[in-house]
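Notes follow the structure.
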2 protein chains.
Amino acid sequence: MERSTRQRRAIRETFLEAGRPLSPQEVLELAKRKVPSLGLATVYRTLKGLVEEGFLIPVVLPGEPPRYEPAGREHHHHFLCRLCGKVYELLGCDLALEGHLPPGFLAEGHEVTVFGRCPECT
Amino acid sequence: MERSTRQRRAIRETFLEAGRPLSPQEVLELAKRKVPSLGLATVYRTLKGLVEEGFLIPVVLPGEPPRYEPAGREHHHHFLCRLCGKVYELLGCDLALEGHLPPGFLAEGHEVTVFGRCPECT
DNA sequence: AGCAATCTGAGAAAAAGTTTTCATCCTTCC
DNA sequence: GGAAGGATGAAAACTTTTTCTCAGATTGCT
């Protein structure tokens, strides 16, 4: 089990080259450049496997299909371009709102998404 | 067109009484207390209408089905209880990360979701 | 190279959420 | 009160996304 196939290598490389979170569809399109016969089922199977082995983590943004990004990065948030739909990583986090929680609420984590335009779409 | 029916009054009241964003399923359950025969299709139709007329606005959180809340509130964010799944409104917003954007990125808005436990689930 | 087990690709199927259909009911207006 | 047309509810149909099926290809190992 867990063979190193052309498809899996292509998908793994795609993430390293992209430098931003990718959706299954984006993975399919980008990785097809390396393995044109790539099928969507293989993308889903591979994403699932890469998450289980800890290479990827899922990124979920409001109203968006799931994306994946390489694991092991520092706490950060995301930028979603409203025009092209690409997601980028934003370094740093100024959020200090845990103090604003009403009594009785216990914060365990948070998620910040900034919407706007990316450099390519300005 | 746009009649005032028992169902629509019940759904509108449900939002005013709930004081927090509601999903279509939650609306169905809560409004059924007022109109037991209420059907899911009517909930969807009414939500759509209430959004169009400006009474409600959609609230989308990461990985969650859409919710709706009464329109006209100040800028605020949301708290999602990981146990009961209820969403609450958080007043205030300390976010100052627009300054952290890399060059070329233009922010138009943002969305903050805090995950944790609500008072009922502690 | 040869073999066995895993992997792949295409389409079918499943899952979840939302919309449509349609016969009947209910509001509105006269 | 009664007519007309929008509204309702139940179920079917649809979307969109993800998973499953299965025959054939590929990989890892001897």
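The chains referred to below are lettered A, B, ... by the order of the sequence lines, with proteins before strands, and numbering in each begins at 1.
- Straight-line distance from the CD atom of B:Glu26 to the P atom of C:dG17: 12 Å, rounded to whole Å.
- OP1 and OP2 of C:dC7 both lie 4.0 Å or more from every side-chain N or O belonging to A:Thr5.
- Of the side-chain N and O atoms in A:Gln7, one or more sit less than 4.0 angstrom from OP1 or OP2 of C:dG9.
- The number of heavy atoms from other shown groups lying within 6.0 Å of CD (A:Glu53) is above 12.
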message = Is there a side-chain hydrogen bond (donor to acceptor under 3.5 Å, both in side chains) between A:His77 and B:His110? Walk through the geometry before answering.
response = CA-CA 11 Å; A:His77 297 301; B:His110 65 267; over 6 Å; no
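- Here the shortest heavy-atom pairing between A:Cys84 and A:Cys118 reads SG-SG, 3.8 Å.
- The distance from atom CG of A:Leu61 to atom P of D:dT17 is 15 Å, rounded to the nearest whole Å.
- No hydrogens or angles were tested; on distance alone, a donor-acceptor pair under 3.5 Å links the side chain of B:Arg3 to the base of D:dG6.
- Residue A:Arg45 has no polar side-chain atom (N or O) positioned under 4.0 Å from OP1 or OP2 of C:dC7.
- Nearest nucleotide to the B:Leu38 side chain, out of D:dG9, C:dT6, C:dG17: D:dG9.
- A donor and an acceptor atom, one from each side chain of B:Glu69 and B:His76, are located under 3.5 Å apart.
- For the pair B:Leu47 CG and D:dT8 C1', the interatomic distance rounds to 15 Å; values are reported in whole Å.
- A straight line from NZ of B:Lys32 to P of D:dA10 spans 7 Å, rounded to a whole angstrom.
- Look at CZ on A:Arg8: it is 19 Å from P on D:dA25, rounded to the nearest Å.
- When the P atom of C:dT8 is taken as reference, atom CG of A:Leu28 falls 13 Å away, rounded to whole Å.
- Here the C1' atom of nucleotide C:dT6 and the CZ atom of A:Arg6 are 15 Å apart, to the nearest Å.
- In terms of phosphate contacts, B:Gln25 brings no side-chain nitrogen or oxygen within less than 4.0 Å of OP1 or OP2 of C:dA16.
- For B:Leu40 and C:dT18, the CG to P distance is 8 Å, given to the nearest whole Å.
- As judged by a 4.0 angstrom heavy-atom cut-off over every strand, A:Pro65 is placed among residues making no nucleic acid contact.
- Contact annotation: A:Tyr44 does not reach the phosphate of D:dT19 (side-chain N/O to OP1 or OP2, under 4.0 Å).
- For the pair A:Ser4 and D:dT27, the criterion of a side-chain N or O lying under 4.0 Å from OP1 or OP2 is not met.
- The aromatic ring centres of A:Phe79 and B:Phe105 sit less than 6.0 Å apart.
- Look at B:Thr42 and you'll find a side-chain N or O under 4.0 angstrom from OP1 or OP2 of D:dG9.
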